[in-house]
Amino acid sequence: MSVEERVREQMELISSGTVEVIPEGEMRRKVARSLETGRPLVVKLGVDPTRPDLHIGHSVPLTKLRHFQQLGHQVVLIIGDFTALIGDPSMQDATRPVLTEEEVEKNARTYIEQAERVIDTKCARVVRNSQWLSPLDFKDVLEIASRFTVARILERDDFSRRYREGKPVGLHEFLYPVMQAYDSVVIEADIEIGGTDQKFNLLAGRNLQRSMGKEPQCIIILPLLEGTNGVRKMSKSLENDVGLTDPAGEMFGKLMSIPDDIIWDYFRLVTRVGSAAIEQLKGRVENGEVNPRDAKERLAVEVVGIYHGPKEAEEAADEFRRVFSMGELPGRIPPVEVPRSRFRAAGIWVVDLVVSLGLASSNGEARRLIAGGGIAIEGEKVEDADLELTPEQVDGKVVRKGKKTFVRVELV
RNA sequence: GGGGGAGUGCCCGAGUGGUUAAAGGGGGCGGACUGUAAAUCCGUUGGCGUAGCCUACGCAGGUUCAAAUCCUGCCUCCCCCA
């Protein structure tokens, strides 16, 4: 295979699923040079350990890193333990709360652990940016900062918007892109990967490298994965995320609940299914040959398979069909202990039972749930909120809240 | 340093003396319809064994029969001028 063909082949994988590759021609030249000299490209992904758990949205850039690994390039995962102390202001409405060093360290560890599920950390470099950012003194910082202008930084629309709207912008926040850019200088990145919200920061790296006499990096912009409700990007705080460590069944269920029109983005961004196969499936759904539900099931099986293995994925699919398509009870229903002391002469009050089982956080909520027909014991809807039940009527029985929550009563 | 404005329930936001557990919207939760989809519709969304009571409108006091609403002090945030 000629170098030219191999370049084309690499470029195809590199640019699949991306929003933008900037600048494309330069990227091509870097790839070609790498092939000619045998020197792998240095591919950078910076992550902020601001939160302990990752979701499949975070796996999007990691998956792209994995592509580069497949092509034999050197990937560098930068844990922004230093930058996390400031918090990336990108797309934020307000200054982020400052984390303590302990929190950052703890998050960093779980981050690496979870990243291992997607990339091969054995041949990746994992580094912390405190390593080089910490030792800088004020003079160094000024020297680096002088290479940026305020006008330039204000181009970033989240800054200018907040400024315009009279919301505070901390001076230290201006330094965030500067630090991220400096990371690129230090590790001599050839390529940096990031989401659309990172475009400014990625470009800053390119500019700083040039200004400091290094070869500027190319940048790859990836789309942000939408949350399971189809609105806003995926985020734990918006409760529309699929956690990388979610149990298989839960992960499956969450994926089955996404709106139809984002199925294809999920396929492209978080599965390993090739784009030809995705297009084919999409076509069959569009002409009515395949029910979108089944396409979604395929998606769920694929994704759960990545994190839990194919066997568990199939089991989750079976379980799902049993419980939700056929209305049967789940195979495993978590038992919840209820102390016998809750019983009085007349028995236990349903409202109390529901609260004791953790299905409601107050009597009032339990009452409302019952009034709304959301509680069933052994498949039978509870109609009366004043109902009293004997120990025999509840021990070992299945209490269901809504359609998704099942618990088994265990008297102790 | 000077002047001005704002703090209401999970969030946004109305309310300027009683009929206000506080309009409306969002979100959440439940129900119907389904493919645990979306859209739509309905109900619900402080606590208490609940026709009653308690707690709640930044915090602390005060006026009043009665305060989210009026007064005083404090805290926090924002804007404008310097």
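Throughout, protein chains are lettered first and strands after them, A, B, ... in sequence-line order, and every chain is numbered starting at 1. Predicted model, so just to flag it, every value in this text is computed and none were measured.
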Undergrad: Go ahead and name the base partner of B/G35; Watson-Crick or wobble counts if both distances stay under 3.5 Å, otherwise write none.
TA: none
Undergrad: Taking only the side-chain nitrogens and oxygens of A/Ser362, find out if one of them lies under 4.0 Å from OP1 or OP2 of B/C48.
TA: yes
Undergrad: A/Phe320 has an atom CZ; how far is it from atom C1' of B/U36, in whole Å?
TA: 5 Å
Undergrad: Base, sugar-phosphate, or nothing: which does A/Arg344 touch, judged by heavy atoms less than 4.0 Å apart?
TA: base
Undergrad: For B/G24, which nucleotide is its Watson-Crick or G-U wobble mate, given both distances must be under 3.5 Å?
TA: B/C12
Undergrad: Less than 4.0 Å between a side-chain N and a carboxylate O, is that true for A/Arg408 and A/Glu378?
TA: no
Undergrad: I want to confirm an ordering. Mapping A/Arg367 and A/Pro259 to their closest nucleotides on RNA chain B, which one lands closer to the 5' end?
TA: A/Pro259
Undergrad: Over all strands shown, is A/Lys401 touching base, sugar-phosphate only, or nothing at heavy-atom distances under 4.0 angstrom?
TA: sugar-phosphate
Undergrad: Any chance you could lay out the side chain to side chain donor-acceptor pair (under 3.5 Å) test for A/His58 and A/Gln114, step after step, and finish with the verdict?
TA: CA-CA 10 Å; A/His58 294 109; A/Gln114 294 177 35; over 6 Å; no
Undergrad: On RNA chain B, check which nucleotide each of A/Gly249 and A/Leu369 is closest to and give me the residue with the more 5' one.
TA: A/Leu369
Undergrad: Could you check if a side-chain atom of A/Val303 sits within less than 4.5 angstrom of a side-chain atom of A/Tyr266, using non-hydrogen atoms only?
TA: no
Undergrad: Using 4.0 Å as the upper bound for N to carboxylate O, is an ion pair formed by A/Arg128 and A/Asp81?
TA: no
Undergrad: If we call it a pair only when both distances are under 3.5 Å in a Watson-Crick or G-U wobble match, what pairs with B/A6?
TA: B/U76
Undergrad: Distance check needed: B/G31 P versus A/Ile370 CD1, whole Å only.
TA: 13 Å
Undergrad: Specify the separation, in whole Å, of atom CG of A/Asp261 and atom C1' of B/A39.
TA: 11 Å
Undergrad: Using whole Å, what does the distance between atom P of nucleotide B/C48 and atom CG of A/Asp386 come to?
TA: 15 Å
Undergrad: What's the gap between B/C42 and B/C33 when it is taken at their P atoms, as a whole Å value?
TA: 16 Å
Undergrad: If the P atom of B/A23 is compared with that of B/U16, how far apart are they to the nearest Å?
TA: 14 Å
Undergrad: Please report the distance separating the C1' of B/G46 from the corresponding atom of B/C29, rounded so that it comes out in whole Å.
TA: 15 Å
Undergrad: Does any donor-acceptor pair link the side chain of A/Lys403 with the base of B/U34 at a separation under 3.5 Å?
TA: yes
Undergrad: Please confirm whether the shortest side-chain N or O distance from A/Arg368 to OP1 or OP2 of B/G47 is below 4.0 Å.
TA: yes
Undergrad: C1' atom, B/A56 versus B/C10: distance in rounded Å?
TA: 15 Å
Undergrad: Across all strands shown, which nucleotide pairs with B/G43 by Watson-Crick or G-U wobble geometry, both distances under 3.5 Å?
TA: B/C29
Undergrad: Send over the distance from A/Glu365 CD to B/A21 P, rounded to a whole Å.
TA: 23 Å
Undergrad: Pairing check on B/U64: which nucleotide meets the Watson-Crick or G-U wobble criteria with it, both distances under 3.5 Å?
TA: none
Undergrad: Quick check on A/Glu289: does its CD atom have over 12 non-hydrogen neighbours (other residues, nucleotides or ligands) under 6.0 Å away?
TA: yes
Undergrad: Please give the distance between the C1' atoms of B/A6 and B/G26 as a whole number of Å.
TA: 22 Å
Undergrad: Using a 4.0 Å heavy-atom cut-off, does A/Glu388 contact any base of the nucleic acid, only the sugar-phosphate backbone, or nothing at all?
TA: base
Undergrad: To the nearest Å, how far apart are A/Ile262 CD1 and B/G35 C1'?
TA: 15 Å
Undergrad: Measure from CG on A/Asp294 to P on B/U34 and round the result to the nearest Å.
TA: 17 Å
Undergrad: Could you tell me the separation between the NZ atom of A/Lys44 and the CD1 atom of A/Ile191, rounded to the nearest 0.5 Å?
TA: 12.5 Å
Undergrad: Give me the distance, rounded to whole Å, that separates B/C65 from B/A60 when you measure between the P atoms they each carry.
TA: 24 Å
Undergrad: Roughly, in whole Å, what's the span from CZ in A/Arg293 to C1' in B/A38?
TA: 16 Å
Undergrad: With heavy atoms under 4.0 Å as the rule, sort A/Gly253 into base, sugar-phosphate or nothing.
TA: base
Undergrad: Counting heavy atoms not belonging to A/Arg152, are there more than 12 under 6.0 Å from its CZ?
TA: no
Undergrad: So, does A/Arg321 get its side chain near the phosphate of B/U36, meaning an N or O under 4.0 Å from OP1 or OP2?
TA: no
Undergrad: When the C1' atoms of B/G1 and B/A67 are compared, how many Å lie between them, rounded to an integer?
TA: 36 Å
Undergrad: What's the gap between B/G15 and B/G24 when it is taken at their P atoms, as a whole Å value?
TA: 14 Å
Undergrad: Just to be sure I understand the rule, does A/Gly364 reach a base, reach only the sugar-phosphate, or reach nothing, if contact means heavy atoms closer than 4.0 Å?
TA: base
Undergrad: On a plain distance test, is the side chain of A/Asp260 in donor-acceptor contact with the base of B/G35 below 3.5 Å?
TA: yes
